[in-house]
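Both backbone and side-chain heavy atoms feed into the values below; hydrogens, waters and symmetry mates do not.
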Amino acid sequence: MLMETQLSHVFCQLTKSEIKVALHSVWLSRHENRTRQALFEAVHYHEPSHEMLTAAIVQKKCKIKEDEKAAIKHVRLDQQNMQVDLSAEEDYMKDIGNETWKSCVEEFIDHTSNNAMCQSACAVCGGEFFSHEMVQVNFTTFQSDHILRPSTPHPCQQLVNGMLLYTLGLMYRNDHIIGCVCTTCQMLLEMGKTPPCSLSNGL
């Protein structure tokens, strides 16, 4: 049986929850379970309880050591992975060379030059888009002209071969009417549908 000072030392090393778990097989009243002091007084002269509490402390210490070992192992694995990642990038911060640098600059200029940033108006919906993203449609030979006829005719409308188009998006070449069309409108025209945002749809 533990002395009172020894039992007090045991209680100091365990939380109240841990004490209750260790004494799960010992019947304790509600009053005895209420506080640490009540638990202490309840098991003060109960030798089996002393053995249970002593075993709980041993298990707790073993668990702490296992957690410490696992934490150290985890840190070592992280360090090894870091070393592998660093060694794998042998070209990190290496000089790219003049040829690569010139190629990157040229590519940047190609994508940000005036020609690359030039915009045109869609002849169908009137929206502005990058010119290189648009397609040209010959409205002189356009077969599905009925899908671009105005849904609500008006005397002020300027029709092109019966179609309501955005005239600023049209060009005239050798008696042909060429219009720049955005990819969305082009896809719907190929499907034989009136683009929802087209001028002919009343927008």
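- Although no hydrogens or angles enter the test, the distance criterion places no donor-acceptor pair under 3.5 Å between the side chain of Asn174 and the main chain of His176.
- Side chain of Gln186 to main chain of Met134: no donor-acceptor pair is present (N/O by atom type, distance under 3.5 Å, no hydrogens or angles).
- A single hydrophobic cluster is seen to contain both Tyr172 and Leu165, as judged by linkage of ILVMFWY side chains at heavy-atom distances under 4.5 Å, directly or through other members.
- Checked against side chain to side chain donor-acceptor pair (under 3.5 Å), Lys20 has no partners two or more places apart in sequence or in another chain.
- Taking OG of Ser198 as the start and NZ of Lys193 as the end, the distance is 13.5 Å to the nearest 0.5 Å.
- The line from OG1 of Thr54 to CD of Gln59 is 11.5 Å long, rounded to the nearest 0.5 Å.
- Across Ile57, Val58, Ile64, a single residue satisfies side-chain contact (heavy atoms from CB on, under 4.5 Å) together with Lys60, and that is Ile64.
- Between Ile147 atom CD1 and Thr194 atom OG1 the span is 5.0 Å, to the nearest 0.5 Å.
- Atom OG1 of residue Thr184 and atom CD of residue Glu133 lie 10.0 Å apart, to the nearest 0.5 angstrom.
- You'll find the side chain of Met187 stays beyond 4.5 Å of the side chain of Thr183, heavy atoms only.
- Of the inter-residue distances, the one linking Ser144 atom OG with Met163 atom CE reads 10.0 Å to the nearest 0.5 angstrom.
- Interatomic distance, CG of Asn201 versus CG of Leu148, reported as 10.0 Å (0.5 Å rounding).
- Looking at heavy atoms from C-beta onward, Asn161 lies out of side-chain contact with Asp145 at the 4.5 angstrom threshold.
- Val124 and Leu170 fall within a single hydrophobic cluster, where Ile, Leu, Val, Met, Phe, Trp and Tyr are joined by side-chain heavy atoms under 4.5 Å apart, directly or via other members.
- Applying the ring-ring contact (aromatic ring centres under 6.0 Å, His included) test to pairs two or more places apart or on separate chains, those with a residue in residues 133-160 are Phe139-Phe142.
- Other residues, nucleotides and ligands place no more than 12 heavy atoms under 6.0 Å from the CG atom of Asn98.
- Follow the hydrophobic side-chain contacts under 4.5 Å out from Leu168 and you reach Leu164 in the same cluster.
- Side chains of Leu189 and Pro195 form a contact here, defined as non-hydrogen atoms less than 4.5 Å apart.
- Counting only heavy atoms from C-beta outward, the side chains of Leu188 and Pro196 approach each other to under 4.5 Å.
- Between Met117 and Phe130, some side-chain heavy-atom pair lies under the 4.5 Å cut-off.
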